[in-house]
Each structure stands twice: as C-alpha cells, then as structure tokens.
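First the proteins, then the strands, lettered A, B, ... as listed; each starts at 1.
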Number of protein chains: 2
Amino acid sequence: MQIRTPACRTGRPRSAAADTAILAATREALVELGWSKLTLGDVATRAGVAKTTLYRRWAGKNELVVDAVAELFGELELPDRGSLAADIEGVVLQFAAILARPEAKSGLMAAVAESTRDDALRERIRASIVDPQKDLVLEGRARAQARGELPPQADPAEAARTVDLIFDVVAGAVVHRTLVSAEPADEEWVRSFTRVLLLGLTATTGPPDDLPDADAEGGARSGPGGEPADT
Amino acid sequence: MQIRTPACRTGRPRSAAADTAILAATREALVELGWSKLTLGDVATRAGVAKTTLYRRWAGKNELVVDAVAELFGELELPDRGSLAADIEGVVLQFAAILARPEAKSGLMAAVAESTRDDALRERIRASIVDPQKDLVLEGRARAQARGELPPQADPAEAARTVDLIFDVVAGAVVHRTLVSAEPADEEWVRSFTRVLLLGLTATTGPPDDLPDADAEGGARSGPGGEPADT
DNA sequence: GGCTTTCGCTACGAGTCGTAGCGTAATGGC
DNA sequence: GCCATTACGCTACGACTCGTAGCGAAAGCC
C-alpha cells in the first residue's frame, strides 16, 4: 500500500494512527481545495504530522489520493434484495452515493486522468478500487445464475468479456451522469437505467445476425423510456 | 471562447494564427507531458508566443486545455449507414478513436475532474464538448424515428430524460472502457455494446411492472454476449 | 542497554505561477 | 497620413510549492 524500505522487521513501527489521520486529512483537503490546489504540505499540517513523514510513505500526490479515495469505495457491498434487478439497483445506488461526495468526484477523476500516463498508478487504481467493484459484478452474476435469472455461461472467455462490458456500462454510466452531466443518479434514474440494461442483457435476439434489426419490433408501442406509468 | 476585454472594436486585432498555434501546442504538450506536468510557459514556448499572451486570452490551464480538446471532438459527426444500429456503431467508433488519443484522455478527464469544483469550467465543457455530442444523439434518434425504427415520443420531458440516459450510457461506457479498464473500444466491443443498448431500448417489457422479470425469458439460450459467431 | 527505524523539525535549491512594466507592432477612425 | 487604441514580445519580480537532506529525539525488538 505504501512505500516500504527494504527490511521492516525491527525498529520503531510506523504509526497506524498517522495513516488514518493522513488519509482523512487528504479527503478533507480534497473537499475544501479540490485536486489541483491540494498540497502535501497542507495535508501534513491537517493530519498533524511532518511533511517528511508523508514523503516517506507515499511517492506523491497521486498515490496518496488514490489510497484516500479507495477507502471510500471499500464500503461498497452487494445487497441481497431477492432479484437481479433489485440487486443491481441497490449496488448502483450505493455507488452513486459514494460518487456524489466531493472528495470522491475530484479525487477519483483526477487520479484516473493521471493514470493515463502512469502505468504504476493505473495498476494501483485497478487493484484497490476497480477490481473490488468488478468482483461485485461477478458476485451478482453468480447469484442471478443460481436463481435462474441468467443462463450459465459456457465459454469462460466469453463470460469474462460480458462481465467487462457490464462493468464498463454500469460504472461508466453512473460516473458520466454524476460528473459530466452533473445530475444526481437518483432512484428514478437508476430504475430507468437498470431496466434498459437488464432488457439488453436478457432479451433474445430474433435472428442471430450480428446486427439486430430494430425493425423486428416494427413501430412497437413501447420505445425507449416509454414507461406506461411511473413506479 | 476566450477572455474579452470590454470593447474590441478598434486597435490591433488578435492574431488568429496565434490561437491555432497555441491550441496545437497545448495538445502537443498534453501528449508529451500529460496534464500535471504541463505548464503555460512551456506551451507558450512551443507555440512561439510570449507567456503573457496566453494569460491575456485564457484564465488558466483549465480553460486552455478544454478549448484545445474541444477542437478534437469537433470532428465528430453522425454517419448515415442505413440503420440505427449501424449509425450508433459508427459514431461510437469515432468517439472511441478520438478518446484513444493521449491528448484527449488526460486532457478531458483532468478538466472534468477540475470542473467538479468550478461551475464556470463545467459550463465551458458542456457548451463546447458535451452538448454537441448530445446533439448527435438527438439527430440519430430523429433519424431512427423517421425510419420507423423507434416510435415517436409523446411526452417531451420523457423524451429528454431518455436522451440523457442514452447519452450517459454511451459516452460513459466508452470513456470507462478506454480510461479505467484501459482496453480498446474496438469494433468487436462496440458491436457487443450496441447490441445490448439497442435491445434494452427497443425490447418490450412483458408485464408493465417497474422491475422487469428476467425469468420471463426462462433460461433462454442466448445469455448476455452470447454471440453465435463473430462477424 | 544497544540496535534499528521512525518521527518532527528546519533549511535549502529548483521550479512554476501570475502579474507588472515597458517599448513596439498592427489596426480603425478622422 | 496621423492618432488613439489594442495586441504583442520581452524582462523581471515576489510568492508559492516541490522534494530532499540533515539533525536530534523517540519508540520499539533483541
């Protein structure tokens, strides 16, 4: 998680309290200052530690913020609401709630932006934030298959591709809604989104063409978002 | 687009060549240095202008990068390939191609991250990048309705919500795939994604419940991503 | 008690920021 | 053609942050 000098068996141990204080101070600074105006000296002052202590544990601002934000997403868990649709809605609402916090918004996006030029940082984000989220998709998928809501996947490679697709669609849509469109991913939006996603995943294609002919429906009554009545 | 001093009727006009040189230099610096290491002094040197000229036209790094990246996305247009599915695939592939460029990756994401704490910057991004993209969704939707592939939308408010949902799903998924998962949004992926999206948009729900019962399909043969054969 | 490592503190050179000031260049109005 | 007005290039500047080095003191394991 942090920088480790070669042998750490003996000597004075690192203060665990300092770790939590530093990460909390980082989130606090993210809220008040945002990414660009956040300085390590300021974080150190807030945490009540020396600036050198920060540099001894983290390589720089990027790594520190990733760890601070990762703790937020560690709260994510998959609820068991009885159906696949309800499970998806539940976890997406949790994800949206975390992403609505200002420290998550600015911190995560800036870290992702930096990761486009820093492979080590990208790997750190993947291991501490992305992969746990993807595990939730896998878990939900397995649960749905056990319920009979989704057919078991024969080809494991194909299954992995499907999970990746679902993950990109779900996380991407929530992030884009929250950060770019800057509108809340509330229950109504999540319900509409889940409906589209589940229909897309479970609907059988008429002809086995690579491009599904939309006119197989003709001018069917229920177009996109054509909710008969709300709730 | 830039900073305008009160009256600009008389006096020496601003060099248009400088504008294009500055924006090109900004993209070049984004490629070589990334967002965090990009400095306005460096951009000025690359563009062959004085640093003060940059500060006279743009308020800061954020605004400059947004304008530089916006020119990239200005190339986007909606092709007419004859069907809604093909149109979507075409425009998504264009979007993915632009987003694959390093200057678009780091620049756009960093700007979005900063926009979480700067309303003016968010508005600038919306006006110059997001809204034109959303117009493509509107145009594609209108074209599909003219073809009869999608039913005309009665309630305009509902239609706006649907367009917003589609936009967040499409743009969010491509961005997440490219930046977070760090894998290419190639033709195969776009085809799978378009298939899920279109099925989700056009499939009719069996019962008009708010939560569609996935088992209406039973254990149908074609699960998510169950492509019979490629191409 | 001795060894090892961490911690807090201070100080430092290097780099960037954003601005001010000045003289010069390029237009439009008269 | 002359003048007011604005843009431009250049230099210099104080303020700030960065990341590191060096020191003495503190806190654990043997």
Separation of [N] [atom2] from [X] [atom1] (nearest whole Å):
X      : N       : atom1 : atom2 : value
L40(A) : dC9(C)  : CG    : P     : 17 Å
L64(A) : dG19(D) : CG    : C1'   : 15 Å
L54(A) : dT6(C)  : CG    : C1'   : 14 Å
R14(A) : dA26(D) : CZ    : C1'   : 16 Å
R57(A) : dC7(C)  : CZ    : C1'   : 9 Å
K61(B) : dC17(C) : NZ    : P     : 7 Å
W58(B) : dC17(C) : CH2   : P     : 16 Å
L33(A) : dC16(D) : CG    : P     : 15 Å

If you check every side-chain atom of [X], which of [options] has the closest atom?
X      : options                   : result
Y55(B) : dA7(D), dC7(C), dT19(C)   : dT19(C)
P13(A) : dC7(C), dT16(C), dG28(D)  : dG28(D)
T10(A) : dG28(D), dG8(C), dG9(D)   : dG28(D)
K51(A) : dT20(D), dA25(C), dC17(C) : dT20(D)

Provide the closest heavy-atom pair for T26(A) versus L38(A) in the form atom of the first, atom of the second, distance. O-CD1, 3.9 Å
Let me know which of E32(A), E71(A), E103(A) forms a salt bridge (charged side-chain N to carboxylate O under 4.0 Å, His left out) with R27(A). E71(A)
Hey, does S36(A) have a side-chain heavy atom less than 4.5 Å from the side chain of K61(B)? no
For F95(B) and L136(B), what are the C-alpha separation, side-chain angles and deciding distance, and is it a side chain to side chain contact (heavy atoms under 4.5 Å, CB included)? CA-CA 11 Å; F95(B) 185 60; L136(B) 294 183; over 6 Å; no
Is there a donor and acceptor pair, one atom on the side chain of R56(A) and one on the base of dG8(C), closer than 3.5 Å? yes
For the base of dA25(C), is there a side-chain donor-acceptor partner from R12(B) under 3.5 Å away? yes
If you find the nucleotide of DNA chain D closest to A50(B) and the one closest to T39(A), which residue's nucleotide is nearer the 5' end? A50(B)
Earlier contact from the 5' end, DNA chain D, for G11(B) and S15(B): G11(B)
Ignoring backbone atoms, test whether T52(A) places a side-chain nitrogen or oxygen under 4.0 Å from the OP1 or OP2 oxygen of dT20(D). no
Using a strict threshold of under 4.0 Å (side-chain N to carboxylate O), is an ion pair present between E188(A) and R191(A)? no
